[in-house]
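Reminder, nothing fancy here: chain letters follow the sequence lines and each chain counts from 1.
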Amino acid sequence: MEVYLDNNATTKVDPEVFKAMEPFFCHIYGNPNSLHKFGAGTHPKMVEALDYLYAGINAADQDDIIITANATESNNTVIKGIWVDKILNGNKNHIITSEVEHPSITAVCKFLETQGVSVTYLPVNEEGVLEAQQVADYIKEETALVSIMWANNETGKLFPIKEIGQICRDAGVPFHTDATQAIGKIPVDVQACNVNYLSFSAHKFHGPKGVGGLYVEKGFELTPLLHGGEQMGGHRAGTVDVASMIGMGVAMKLATSPEALAYENTEVKRLRDKLESAILEIPETIVIGGKENRTPNTTLISIRGVEGESMLWDMNQKTIGASTGSACASEDLEANPVMNAFGSDSELAHTGVRFSLSRFNTEEEIDYAISVIKGAIARLRSISSSYAYTPKNHVSEL
Amino acid sequence: MAKNDLISGSIWDEYSNQVIRRMDNPTHQGEITEERAKELGGKLIIADFGAESCGDAVRLYWCIEEETNKILESKFKSFGCGTAIASSDAMAELCEGKTVDEAVKITNIDVEKALRDHPDVPAVPPQKMHCSVMAYDVIKKAAATYKGVDMESFETEVIICECARVTLGTIQEVIRINDLKTVEEITDYTKAGAFCKSCIKPGGHEEKDIYLVDVLKDVRAEMEQEKLKEAADASAAGSATFDKMTIVQRIKTIDEVLDADIRPMLMMDGGNMEIIDIKENMPFYDLYIRYLGACSGCASGDTGTLYAIESVLKQKVDENIRVLPI
């Protein structure tokens with residue numbers, strides 16, 4: 001049996017999404033900018049897709065949702081756009097973000113620091129979340145943008161977006177949120193949360209890879225990252241990937257419907273909790289960041305004495321895919337900054353394994369995963385020097 | 001960056017079959033108890049190295065026959081990724097049957113080589129090399145425990161990277177053995193500098209006596225010095241090959257050949273030539289020249305004369321010399 005538990009990395013394309021995309025490869029393939037009927041034939045479904053996107057995040061008709069290649073492009077567009085609009089062309093020179101953002105935020109900020117921009121990276125608390133008041137404390141006259149993620153990719157922890165949005169609105173500072181891990185898991189409402197810019201990627205909610213979106217509230221600046229043609233109202237040049245856009249629209253519709261969100265927060269959550277509880281029955285395992293206030297599909301578990309990559313290896317031998325924040329699992333030797341941000345126990349950075357479910361996971365899969373995970377932990381702990389010989393209960397409850 | 005680097009694959013694809021076999025079934029995993037040591041008639045030694053907070057920790061057990069100092073049995077326990085387990089397993093196996101003094105000579109390179117499927121293909125990708133370094137260090141710890149001396153008596157150098165517990169000696173050795181040129185490469189091979197980064201260069205949160213940039217600079221300078229000495233000695237002995245020569249020696253060698261075989265011929269026609277530069281464009285050595293006097297502007301400068309100069313230099317100096325008039 002194959003069990004995919006790495007849905008925060010990417011998801012399977014929903015068959016209904018694939019069906020909606022299919023005609024646009026070989027049958028309705030005209031360039032949407034062409035005048036002839038082949039091009040114009042793409043328009044109705046593109047408009048429909050856009051409608052689904054607007055509805056999915058409750059955007060107003062006068063706002064913009066730019067189709068991009070992914071959330072990374074959306075994040076780059078916002079931050080570099082703000083740099084041009086407000087920093088190069090104005091007298092503001094300060095950005096606020098958090099220490100646990102996706103690299104498509106932090107790497108851009110690091111780059112901008114080399115260009116003289118001042119960036120505040122707010123730390124997270126012991127539960128791995130940011131407190132809204134921290135943003136208020138650091139906003140100053142020179143602040144050009146606040147960019148804080150909606151849900152954390154490693155822990156699933158939810159950030160107080162509504163409160164941060166209000167603080168930014170009151171202070172007159174533009175507020176961007178990377179909602180990549182939130183859409184399809186919890187309701188996302190840009191109007192209710194005072195969000196001015198919002199990024200998302202289709203492949204995180206059962207849409208295709210290579211397409212994403214950037215919401216821009218009316219009245220807020222957006223300098224294009226890609227200059228060229230007049231596509232996307234001049235905000236993002238390049239022929240629109242019609243099939244992907246339509247796929248993203250349908251995926252958004254499916255993922256954000258009340259039924260889908262209810263399923264996510266009942267059945268997917270139940271399976272996640274079942275998996276989590278079964279692992280937590282094993283001594284000296286903890287949920288990093290705690291169980292409260294997180295997306296319903298994610299659990300990041302520290303298994304004392306078991307290094308993350310070796311756990312992934314053993315699970316992979318039994319065709320189970322998950323993820324780890326451990327340094328050793330990637331080409332980068334550094335531990336994942338999200339894991340390091342917890343600060344108190346550096347062991348966590350090496351013993352955390354992330355399981356992220358989707359609506360396609362079944363009870364049988366979870367049962368199989370539990371048995372494999374238990375076997376892997378037993379084997380690796382029998383080899384582990386640190387598990388056998390360091391004082392027990394040294395990992396504090398987070 | 002090139003085509004093969006644009007799409008990164010899984011690091012697991014770069015593990016040798018040996019590594020995979022030992023990850024799945026480590027043959028020397030386990031512990032040696034006092035009872036077992038007594039049964040074998042040896043002394044039990046237990047040594048720990050590394051820390052969970054750094055991502056790797058290993059415990060090594062030796063049962064040593066005291067009369068001969070021979071390691072009768074060697075086992076390990078390891079916290080770490082699969083390659084750390086595989087390296088520890090290979091390391092424990094390499095120790096068995098050796099005397100303690102012989103075991104101390106096992107290097108991380110020996111451990112990594114023991115894990116190779118093919119002698120020329122590394123067993124693990126560069127960023128995993130640190131796993132074998134840890135195995136190398138724990139042997140010294142075990143030997144020190146057995147002999148009742150400080151580990152420093154084997155490893156007289158200071159620790160450069162506290163997080164990864166990497167010594168100056170190890171860093172110097174990997175720079176030399178692998179001809180490393182950047183701090184990033186040192187990190188790939190040893191894990192030094194991968195964590196808090198204080199040891200990379202001044203300005204980190206912790207002040208150090210010596211930084212990786214210093215070690216790299218000093219070792220590279222020493223290597224350069226040795227190369228020069230080697231080149232000078234070879235030149236004095238008349239055994240210098242063109243590829244081992246310094247740039248000055250190369251110019252001198254080429255100039256001597258030009259003076260003997262080429263310039264007289266050119267000067268007879270009122271011309272001459274000078275060397276502008278020699279650039280390595282491996283496998284070639286590109287010799288940039290300028291024609292002087294009657295040779296400049298001569299039609300033969302790009303054909304017959306050029307061919308003659310290049311042929312003589314290929315024959316008398318190195319067959320990979322290419323002559324390029326500017």
**Request:** Could you tell me whether A:Gln115 atom CD has more than 12 heavy atoms of other residues or ligands within 6.0 Å of it?
**Result:** yes
**Asked** Does A:Tyr138 have any ring pair (Phe, Tyr, Trp, His ring centres under 6.0 Å) partners at least two apart in sequence or in another chain, and if so, which?
**Response** none
**Request:** Taking atom NZ of A:Lys318 as the centre, report whether more than 12 heavy atoms of other residues, nucleotides or ligands fall under 6.0 Å from it.
**Result:** no
**Item:** Full working for side chain to side chain contact (heavy atoms under 4.5 Å, CB included) between A:Ile383 and B:Phe76
**Value:** CA-CA 8 Å; A:Ile383 297 174; B:Phe76 80 96; 4.1 Å; yes
**Between OG1 on residue B:Thr83 and CD on residue A:Glu309, distance to nearest 0.5 Å** = 6.0 Å
**Asked** Measuring from A:Asn316:CG to B:Ser10:OG, what's the distance to the nearest 0.5 Å?
**Response** 8.0 Å
**Prompt:** Do you know the tightest heavy-atom contact between B:Gly82 and A:Ser310?
**Reply:** N-CB, 4.0 Å
**Complete:** When rounded to the nearest 0.5 Å, the distance separating CD1 of B:Ile20 from CH2 of A:Trp313 is 4.0 Å
**Asked** Is there a donor-acceptor pair closer than 3.5 Å between any side-chain N or O of A:Arg379 and the backbone N or O of B:Asp24?
**Response** yes
**Complete:** Of all heavy-atom pairs linking A:Gly305 and B:Phe79, the shortest is O-CD1, 3.3 Å
**Asked** Hey, is the main chain of A:Ser382 close enough, under 3.5 Å, to the side chain of B:Gln29 for a donor-acceptor pair?
**Response** yes
